[in-house]
Structures are given as structure tokens and as C-alpha cells.
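First the structure, in the form of C-alpha cells, and then the observations on it.
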Amino acid sequence: MKPVGKPGRTGELMPVEVALARLLALAEAAPIRDTETLPLAACEGRVLAQDLVSTLDLPPWPNSAMDGYALHLADWTGEPLPVSQRIFAGQAPEALARGTCARIFTGAPVPAGADCVEMQENAQVQADGRVVFTQSLRVQQNIRPQGQETTVGEVVLPAGTRLGPIEQGLAASLGCATLEVIRRVHVAVLSTGDELIEPGQPLGPGQIYNSNRVLLCSWLTRLGCEVLDAGILPDDLPATRQRLVELGDVDLILSTGGVSVGEADFLGIALREDGELALWKLAIKPGKPLTCGHYRGVPVIGLPGNPASTLVTFALLARPYLLRRQGVQAVEPLTFQVPAGFVWAKPGNRREYLRGRLEQGRAVIYKNQSSGVLRSAAWAEGLVEVREGSTLAQGDEVGFIPLSEVLG
Ligand code: AMP
Ligand code: MG
């Protein structure tokens, strides 16, 4: 692992873009290359390991986009045409007899010799069974040509594509029963803090329930990671070392809380002894402190402990890192510009990610933006991005990142 770097000057805040670029560079230096072949239905959320190249033309033959009649346009002179065959989807038609038309249904192969399909709404069947067309006709109308979607040899999905229902459907349309995907990323989740206890226990004086643990474990599972839930780190150096050794050969140790300079910071001590640790001060709010390093070569990312900080830094920094380890290129969430439905009078020196919603097309924010308040994010539909040094009046454009963009 390369040195993780520090901000230029003491006290200088690292811009979000710089932190992201450094994390992505670290991810690219430690790519996960092992693959596995999975049944198509099991590929949801996984990353394609090799280009998906079409072995088919799609559609494999010209087919009808309508229920109607197939004809050779030059045969239509205004004289009624007899119907020479009926072609349903799934059938192999005969060549069209000249001077006739074929009854045809949506998805059925267009017979050789036909170059036009007219929808049944524009056709009149006479008493003698012959058909008259009531509208003008064009060559190729209502015919989906062979290879319209893809042709043999085309890269349909590049390696590094995250697979979801749409990509699975596309792979199925090409006849793929299995796909080769990057193996799951193994992530160990650690919580730190003497004040933490697990839900289900009675709350003692000074204690709070551990919310980050389940938040991150669930989120990582959604991201297709294999989660090693390593619980709360004990406040003791030998026990901390022991726990780190027990984690074994994971791809990432993801911790929350307190890797700083505190006297009880045993995780920090263990990492400095047996690895490397850099403390970044980010120009992001919530979530200023972020640690990055390794323990015996295993990458470590330490997120700040306040739950809203954990959420924002995971969404914007750790998630892209994990995706890039698997070769995903498009790791940044879509940001939409929307009018602000609030006023921001005081420019800050950190970029704010306010938990907000859209109401009548305007971004509005939760009343309490404290980094300790996870309820703000439960209320929210997205992160409202207010750039450092900026103020906002009602109606000014502001960035909006839907939480749905980052949660999966
Ligand atoms: P720290 O980063 O350890 O200074 O923690 C910052 C704040 O986040 C403190 O109020 C902690 O109590 C709180 N905190 C740290 N870890 C967790 C956690 N796993 N669940 C809930 N709150 C936490
Ligand atoms: Mg702490």
C-alpha cells in the first residue's frame, strides 16, 4: 500500500475531491481480481468481471412490432390482398407468397419477402377474407430489424459494470445462464468507544446504543460485500491487537469512532505499531476526521463516529472506494441541481451535506443537522450539497444526491 498522504499544511482541510481521489487511487492499487461464476439470478449487486460480448444478433431475425398484416409493399396497389398464412410468435413462417399478405402477431418472425407490417387497426378484412389497408404504408414500418438491439461480437456490458435487475435481464436476453463476477469484498466492521453497548442490553449511565454497527453491516450487505461483524473493540491494547489478528485476511477494516490521538485510542496505537495510519481533516460536514491506513497490509478506513458523519463519509468516500476495488468506474452518485427551499446565510469552510428532501421540487432540510442526529437521515430523501464558501437564497441552485443513489 502506498503512503496515504496528509493535507499540505497543519490545519488545512482536505477538499472532498482530494480525499476521494486518494481513496480511489488506493483502491486501484489493491484491485480485487478473484472471480466466481454465478447463476444469473444470483448476480444482483455484483460486479461483472469480463466484458459481456453478444453471441447473438438481437433480435435474431426481423420481427413484427404489431398485431397486423405483413406484406411486400410493392404488392399493395389498392387491390385487396388474400391472407396466405398466419404467423404467431414462436413460429417459423414460410416465405411470403407474392401478391398475398400474412396475418402476423407481435414478436412473430416477419416472413422472407415481406418488407412492411401494417397494424390491424388500419386493415379491413372483407367478407371474402381479403384485406384492404386504409392508410398509406412505408417500407420497414412496424418491423424490428435483426440486430436492432445488438449484433454478434458487440460488447453489451463492459467489465466493471454493477449488475442489477436490468443488466440481469439484458444478459438473459443474450442467453447467458451464468456470469463471471468479482468475488465479494470482505469487510470487517469495527465499532470503537467505551460508551457503546449493543441494543437489547439495559442502558447504563453514560452509555449509548451502537447504531453504526448495524447501519454499516446492512449497508455493506446491500453493496454485495461479505461482512465480518467484529463488534465493539475492547478498550485495551493487547485485546485490540488480538482482535485485529483474528480478523485475518479481509479486504478492508472499516471502523467508526475515535481513531485519533486520545489516550484510550488503542486501535490507533495498534495500527501505528503494526501498520500505518494517517489522519485526514476533511472539508466535509458532517464528518471532518477520517483515518486511512493499513494493519499488516490490510487497508483500514476509519470513519468518524457520529452516526450522521458515518453515513455521509461512507456514502461519499468509503462506498466509492469499495466499488473501485472491484473495478467499477462509475462510483460517484448522480447529483441533481435543484432550487433551494431554504436560506443559507453563513458560508462555511467545509462542504455541507445536509439531510434534506424535495418538496414541490425544492430542497428542504431537516430542522436539526447535528452530526449526532441520525433521525435527520431517516427523514431525508437525499443529501443537499452546499459548497464551501457559499451562501444560498431561496431558489438558488443546490446539489441534491438522492439517498437511493448511494444506499445500494
Ligand atoms: P468519536 O469519533 O469516537 O469521537 O465519536 C463521536 C461521537 O459519535 C460520540 O458522541 C460517540 O459517542 C458517537 N459514536 C461513536 N461510535 C458510535 C457508534 N458505533 N454508534 C453510535 N454513536 C457512536
Ligand atoms: Mg469514541
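With sequence neighbours left out, the ring pair (Phe, Tyr, Trp, His ring centres under 6.0 Å) criterion links Phe88 to Phe105. Applying the side chain to side chain contact (heavy atoms under 4.5 Å, CB included) rule to Thr106 yields the partners Asp67, Arg144; only residues at least two apart in sequence or on another chain are considered. The side chain to side chain contact (heavy atoms under 4.5 Å, CB included) test applied to Arg362 returns Pro339, Gln394, not counting sequence neighbours. Thr55 is linked by a side chain to side chain contact (heavy atoms under 4.5 Å, CB included) to nothing, counting only residues two or more places apart in sequence or in another chain.
Taking a cutoff of 4.0 Å between a charged side-chain nitrogen and a carboxylate oxygen, Glu388 and Arg350 do not qualify as a salt bridge. Using a 4.0 Å cut-off between charged side-chain N and carboxylate O, Asp75 and Arg98 make a salt bridge. Taking 4.0 Å as the cut-off between side-chain N and carboxylate O, Arg183 and Glu226 do not count as a salt-bridged pair.
Counting only distance, with no hydrogens or angles, the side chain of His72 and the backbone of Gly113 share a donor-acceptor pair below 3.5 Å. Under a 3.5 Å cut-off, the side chain of Asn122 and the backbone N or O of Met119 do not form any donor-acceptor pair. A donor-acceptor pair is defined here as one N or O able to donate and one able to accept, closer than 3.5 Å; no such pair exists between the side chain of Gln126 and the backbone of Val131. Looking only at distances, a side-chain donor or acceptor of Tyr209 sits under 3.5 Å from a matching main-chain atom of Gln201. Judged by distance alone, with hydrogens and angles left aside, the side-chain atoms of Thr192 form a donor-acceptor pair with the main-chain N or O of Thr256 at under 3.5 Å. For the pair Ser370 (side chain) and Gly372 (backbone), a donor-acceptor distance under 3.5 Å is present. No donor-acceptor pair under 3.5 Å is formed between the side chain of Ser309 and the backbone N or O of Gly305. Side chain of Arg355 to backbone of Ala377: no donor-acceptor contact under 3.5 angstrom is found. Remark: side-chain polar atoms of Arg319 are paired, donor with acceptor, to backbone N or O of Val406 under 3.5 angstrom. A donor-acceptor pair under 3.5 Å is formed between the side chain of Gln141 and the backbone N or O of Val117.
Within the structure, the salt bridge (Lys or Arg N to Asp or Glu O under 4.0 Å) test picks out the following pairs touching residues 35-62 (sequence neighbours left out): Glu36-Arg46. Counting only residues at least two apart or in different chains, ring-ring contact (aromatic ring centres under 6.0 Å, His included) contacts with residues 214-254 comprise Trp219-Phe314.
Using a 4.5 Å heavy-atom threshold, the side chains of Val185 and Leu223 count as separate. Side-chain contact between Leu392 and Val398 is present, with heavy atoms from C-beta onward closer than 4.5 Å. Inter-residue side-chain proximity for Lys285 and Arg351 is flagged as unmet; no heavy-atom pair is nearer than 4.5 Å.
When all heavy atoms of Ala318 and Leu254 are compared, the pair lying nearest together is CB-CD1, 4.4 Å. Minimum interatomic distance between Val338 and Ala363 (heavy atoms only, all atoms of both residues): CG2-CB, 3.8 Å. Here the closest non-hydrogen pair linking Ile87 and Pro93 is CD1-CB, 3.6 Å. Here the shortest heavy-atom pairing between Val189 and Val227 reads CG2-CG1, 4.0 Å. Closest heavy-atom contact between Pro111 and Leu96: CB-N, 4.1 Å. Residues Leu247 and Ala230 come closest through the heavy atom pair CD2-CB, 3.6 Å.
Cation-pi geometry between Arg357 and Trp379 is met: under 6.0 angstrom from the ring centre, within 45 degrees of the axis. Figure legend: Arg103 and Tyr69 shown as a cation-pi pair, the cationic atom lying under 6.0 angstrom from the six-membered ring centre and within 45 degrees of its axis.
The closest side-chain donor-acceptor pair between Thr37 and Glu180, if any, does not fall under 3.5 angstrom. For the residue pair Glu94 / Gln85, no side-chain donor-acceptor distance below 3.5 Å is found, with atom types taken as modelled. Side-chain N/O atoms of Ser191 and Asn212 include no donor and acceptor closer than 3.5 Å.
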Residue pair Glu154, Ser54: steps toward the side-chain hydrogen bond (donor to acceptor under 3.5 Å, both in side chains) verdict
CA-CA 5 Å; Glu154 237 182 281; Ser54 183; over 6 Å; no
Go through Arg213 and Asp229 one step at a time and tell me if the salt bridge (charged side-chain N to carboxylate O under 4.0 Å, His left out) criterion holds.
CA-CA 8 Å; Arg213 177 186 186 179; Asp229 177 358; 2.7 Å; yes
Go through Leu322 and Asp251 one step at a time and tell me if the side chain to side chain contact (heavy atoms under 4.5 Å, CB included) criterion holds.
CA-CA 9 Å; Leu322 285 166; Asp251 300 307; over 6 Å; no
Working for side chain to side chain contact (heavy atoms under 4.5 Å, CB included), residues Gln207 and Glu195
CA-CA 5 Å; Gln207 292 184 317; Glu195 71 278 29; 5.6 Å; no
Between Leu137 and Leu71, is a side chain to side chain contact (heavy atoms under 4.5 Å, CB included) present by the stated rule, with each step listed?
CA-CA 10 Å; Leu137 304 175; Leu71 66 150; 3.9 Å; yes
Between Arg241 and Leu237, is a side chain to side chain contact (heavy atoms under 4.5 Å, CB included) present by the stated rule, with each step listed?
CA-CA 6 Å; Arg241 287 198 196 105; Leu237 188 55; 3.3 Å; yes
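One distance of note links CG of Asp236 with CZ of Arg243; it measures 10.5 Å at 0.5 Å rounding.
Atom CD1 of Ile166 is surrounded by 12 or fewer heavy atoms from other residues, nucleotides or ligands within 6.0 Å. The neighbour count for Glu17 CD, taken as heavy atoms of other residues, nucleotides or ligands under 6.0 Å away, is above 12. When the shell of 6.0 Å around CG of Asp128 is examined, it contains more than 12 heavy atoms from other residues, nucleotides or ligands.
The side-chain contact (heavy atoms from CB on, under 4.5 Å) with Tyr353 is formed by just one residue from the set Ile401, Leu311, Val386; it is Ile401.
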